[in-house]
Amino acid sequence: MSLSCTTSKEEIKKRPNIIFIMSDDHAYQAISAYNNTLIQTPNIDRIAKEGMLFTNASVTNSICGPSRAVILTGKHSHINGKIDNLSPFDTTNVTFPQLFQKAGYQTAMFGKLHFGNNPKGFDKFKILPGQGDYYNPRFITAKGDTIINGYVTDITTDLTLDWLEKRRDTTKPFLLMYLHKAPHRNWLPAQRHYKTFTQNKYPVPETLFDNYNTRGTAAKTAEMNILNHMHLAYDNKLDIETINNSNIEYTGLLNRSLERMSEIQRASWDSVYEPINDEFTALYPTMNDSTLMIWKYQRYMQDYLGSIAAVDENVGRLLNYLDTKSLSDNTVIVYTSDQGFYLGEHGWFDKRFMYNESFKTPLLIKWPNQITPGTTETEMVQNLDFAQTFLEIAGIKAPKDMQGKSMVPLLKGEKELWERDAVYYHYYEYPAEHAVMCHYGIATKQYKLIHFYYDVDEWELYDRINDPNEINNVYQNPNYSNIVKQLKVKLEDLRRHYKDSDSLNNHYIQIYKDKGLIK
């Protein structure tokens with residue numbers, strides 16, 4: 001049933017509220033509902049315990065701005081035009097919040113959008129400019145910019161709860177987008193967490209020292225290796241004096257983020273991180289590449305996971321508020337990330353590849369009286385599906401040109417109505433930061449076929465069941481020749497279905513050439 005001019009105000013009021021919680025670069029491996037070896041996230045886990053945990057959710061383009069554009073429009077990057085973090089978002093696109101607003105929902109957005117200064121379809125917003133800052137961040141509002149002192153994850157939650165408590169129209173259902181900056185690079189935890197997390201030691205991934213010998217050019221040339229490409233100052237929080245005193249020839253980024261701190265904040269930070277600098281000075285003369293890699297990995301994990309601790313606490317604040325105000329029973333809660341992230345797997349940090357850790361994304365949904373609590377769903381869903389799912393939940397008709405599928409049948413346990421056995425992926429931003437080559441591909445539950453193109457023409461096939469770490473490219477293995485043929489046919493069918501093509505590839509390559517980004 002869709003909202004129309006004959007829908008009464010009372011019927012509109014009964015529609016479910018929807019709260020969409022999204023963090024930035026939150027790896028599914030760093031949510032204890034998926035993996036309890038790195039961090040405990042009891043509040044995020046609670047959404048799964050009271051709802052549904054998706055184990056096969058993925059993105060269509062693993063990079064921040066494009067992922068958010070896909071979510072808002074329900075269209076692949078090549079259709080909505082936001083193929084990378086460099087291109088502007090085409091504001092003629094219709095977004096699902098605009099449809100909610102038109103249908104009588106009150107709408108609000110707080111936190112990190114990552115593109116545009118005036119998001120369409122929102123009655124109220126306070127968003128971070130670009131990447132935003134962890135400490136004492138600046139926010140963009142409809143009335144102008146403002147700086148709010150404190151820690152960004154806490155502030156984003158304060159703004160969200162303030163709107164829920166004081167500023168929403170209680171006669172209307174609401175769509176609320178609660179968007180965290182954390183745990184985006186360069187991973188600055190809250191003061192209450194870095195004292196603890198910097199003391200922790202984490203298990204080393206079995207592929208930390210991957211040499212990529214069984215992969216193609218793209219894996220070998222990507223610039224996201226923890227040893228070689230993670231910055232000692234910007235990422236690992238060493239000061240430049242420590243680096244110079246260790247006789248390291250350093251050309252990496254400096255940690256300018258600390259300059260936003262107040263004197264009190266900086267003093268607290270220095271009390272914890274200066275001893276880390278001292279420890280590094282003592283250890284570095286004895287380090288080889290392996291021990292330096294492990295040291296950098298541990299520092300990475302300490303700050304990355306420390307940043308997530310505040311996200312989990314603040315999700316708990318929101319869930320508790322909804323319970324206290326009797327809003328939980330008629331509110332759909334979604335927790336996800338704009339994409340996955342590498343936590344040392346294959347020696348990497350960042351995302352972009354169609355390989356598992358960046359392709360998969362966490363997805364937990366709570367819908368009281370509809371989802372059976374504690375359900376695990378293994379079907380293949382994507383961020384492409386969010387818009388149509390939310391619209392159907394709200395009883396709003398989705399535009400015909402949206403490209404996803406409503407997940408409502410899965411949420412209601414009607415799996416027999418779900419017809420999808422493969423998903424499509426396409427990454428464009430190359431050459432650019434991290435140097436991940438252009439590629440597109442198809443994934444089923446068992447296989448993943450990837451085509452790297454533009455300055456190479458290479459194919460890779462992975463057996464996801466027998467090779468879960470995606471170590472062995474079996475594209476040339478004769479035992480998989482029939483699988484390759486079948487997947488190539490299916491891949492072309494998907495490309496036609498989603499209106500992607502080699503001519504579109506060439507179109508976007510030409511745009512890069514016109515901008516002087518490539519020759």
Side-chain angles (χ1 to χ4, degrees), residues 27-31 33-35 37 53-62 67 205-208 210-216 218-220 222 336-337 339-348 350-363 376-385 405 407 410 415 418-427 436-437 439-452 458-495 498:
Y28 68 90
Q29 311 94 290
I31 294 176
Y34 289 95
N35 168 36
T37 63
L53 178 78
F54 287 81
T55 60
N56 232 335
S58 64
V59 296
T60 63
N61 185 355
S62 186
S67 174
E206 60 180 299
T207 59
L208 182 67
D210 194 342
N211 59 20
Y212 321 117
N213 284 344
T214 53
R215 264 59 46 80
K220 294 169 184 169
T336 191
S337 173
Q339 65 264 316
F341 213 68
Y342 292 99
L343 304 185
E345 299 90 358
H346 307 291
W348 288 335
D350 204 68
K351 56 259 183 178
R352 301 167 196 262
F353 275 114
M354 195 184 173
Y355 302 141
N356 200 47
E357 289 79 12
S358 54
F359 173 65
K360 287 181 64 173
T361 191
L363 179 60
T376 297
E377 181 53 72
T378 62
E379 291 301 313
M380 303 188 77
V381 300
Q382 286 192 295
N383 57 352
L384 183 71
D385 303 322
K405 290 173 64 71
M407 297 183 288
L410 295 177
K415 188 176 291 194
W418 184 256
E419 297 178 352
R420 178 189 281 158
D421 60 0
V423 294
Y424 182 62
Y425 180 91
H426 199 150
Y427 175 81
V436 173
M437 292 179 166
H439 59 289
Y440 60 86
I442 181 174
T444 67
K445 287 183 178 179
Q446 182 160 2
Y447 299 107
K448 187 180 293 179
L449 179 69
I450 308 172
H451 182 210
F452 292 92
E458 296 181 0
W459 290 84
E460 297 181 2
L461 174 69
Y462 296 95
D463 186 329
R464 304 179 74 192
I465 303 300
N466 296 310
D467 180 23
N469 289 330
E470 296 177 332
I471 293 293
N472 297 303
N473 173 19
V474 293
Y475 179 78
Q476 300 291 351
N477 186 325
N479 294 329
Y480 288 87
S481 59
N482 287 334
I483 297 297
V484 168
K485 292 177 184 177
Q486 294 167 16
L487 286 176
K488 281 191 172 182
V489 171
K490 197 171 188 66
L491 174 59
E492 286 308 307
D493 288 343
L494 273 184
R495 298 192 83 198
Y498 290 123

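Note that the structure is a prediction, hence the values are computed from the model and not measured. Values reported hereafter were calculated over all heavy atoms of this structure, with side chains retained and with hydrogens, waters and symmetry mates removed.
Residues Val436 and Ala222 come closest through the heavy atom pair CG2-CB, 4.2 Å. Scanning both residues, Tyr28 and Thr361, for their nearest heavy atoms gives CB-C, 4.5 Å. In plain terms, the two heavy atoms of Gly441 and Leu491 that are nearest each other are C-CD1, 3.8 Å. Among all heavy-atom pairs drawn from Gln382 and Val59, the shortest one is NE2-O, 3.2 Å. Residues Pro205 and Gly344 come closest through the heavy atom pair CG-C, 3.8 Å.
Summarising the local packing, CD of Glu492 is surrounded by more than 12 heavy atoms from other residues, nucleotides or ligands at distances under 6.0 Å.
Between the side chain of Thr207 and the main chain of Asp210, no donor-acceptor pair closer than 3.5 Å is present. Using modelled atom types, one side-chain atom of Lys360 and one backbone atom of Thr55 make a donor-acceptor pair closer than 3.5 Å. Put simply, the side chain of Gln486 never gets that close to the backbone of Val484: no donor and acceptor are under 3.5 Å apart. Checking side-chain atoms of Asn61 against main-chain N and O of Ser67 turns up no donor-acceptor pair under 3.5 Å. Remark: side-chain polar atoms of Asn35 are paired, donor with acceptor, to backbone N or O of Gln29 under 3.5 angstrom. Between the side chain of Glu460 and the main chain of Gly216, a donor-acceptor pair closer than 3.5 Å is present. Remark: side-chain polar atoms of Ser62 are paired, donor with acceptor, to backbone N or O of Ser358 under 3.5 angstrom.
Counting only heavy atoms from C-beta outward, the side chains of Leu461 and Lys488 never approach each other to under 4.5 Å. The shortest side-chain heavy-atom distance between Tyr425 and Phe359 falls under the 4.5 Å cut-off. At a threshold of 4.5 Å between non-hydrogen side-chain atoms, the residues Thr60 and Gln339 do not count as touching. The shortest distance between side-chain heavy atoms of Thr444 and Asp421 does not fall below 4.5 Å. The side-chain heavy atoms of Leu343 and Glu357, taken from C-beta on, include no pair separated by under 4.5 Å.
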*Test side chain to side chain contact (heavy atoms under 4.5 Å, CB included) applied to Leu53 and Tyr34, step by step*: CA-CA 9 Å; Leu53 178 78; Tyr34 289 95; 3.3 Å; yes
*Val474 and Asn479: side chain to side chain contact (heavy atoms under 4.5 Å, CB included), yes or no, with the steps?*
CA-CA 9 Å; Val474 293; Asn479 294 329; over 6 Å; no
*What do the steps show when you test Asn56 against Val381 for side chain to side chain contact (heavy atoms under 4.5 Å, CB included), and what is the final call?*
CA-CA 7 Å; Asn56 232 335; Val381 300; over 6 Å; no
*asked:* What verdict does the salt bridge (charged side-chain N to carboxylate O under 4.0 Å, His left out) test give for Lys448 and Asp463, after you've listed the backbone C-alpha separation in whole Å, the side-chain angles of each residue and the deciding distance to 0.1 Å?
replied: CA-CA 7 Å; Lys448 187 180 293 179; Asp463 186 329; over 6 Å; no
*Criterion side chain to side chain contact (heavy atoms under 4.5 Å, CB included) on Asn469 and Asn356, from CA distance to verdict*: CA-CA 8 Å; Asn469 289 330; Asn356 200 47; over 6 Å; no
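At least one cation-pi condition fails for Lys220 and Tyr212: the charged atom is not both under 6.0 angstrom from the six-membered ring centre and inside a 45 degree cone around its axis.
Under 3.5 Å, the side chains of Asn472 and Tyr462 contain no donor-acceptor pair of N or O atoms. There is a side-chain donor-acceptor pair under 3.5 Å between Arg495 and Tyr424. With no hydrogens or angles considered, no side-chain donor-acceptor pair links Thr336 and Asn383 at under 3.5 Å. For the 3.5 Å distance criterion, the side chains of Tyr427 and His439 fail to qualify, holding no donor opposite an acceptor.
In this structure, the separation between CZ on Phe54 and OG1 on Thr376 is 10.0 Å, given to the nearest 0.5 Å. For the atom pair Gln446 CD and Arg464 CZ, the distance stands at 10.0 Å (nearest 0.5 Å). We find the CG-CE distance between Leu449 and Met354 to be 8.0 Å, quoted to the nearest 0.5 Å. A distance of 10.0 Å separates NE2 of His451 from NE2 of His426, quoted to the nearest 0.5 Å. A distance of 6.5 Å separates OH of Tyr342 from CZ of Phe353, quoted to the nearest 0.5 Å. Atom OH of residue Tyr475 and atom CH2 of residue Trp459 lie 6.0 Å apart, to the nearest 0.5 angstrom.
Of the candidates His346, Glu470, Glu458, His346 is the only one forming a side chain to side chain contact (heavy atoms under 4.5 Å, CB included) with Arg215. When the options Arg420, Lys405, Lys445 are evaluated for a salt bridge (charged side-chain N to carboxylate O under 4.0 Å, His left out) with Glu379, the one that passes is Lys445.
Ring pair Phe452/Tyr355 is tilted by interplanar angle, where 30° to 60° counts as tilted.
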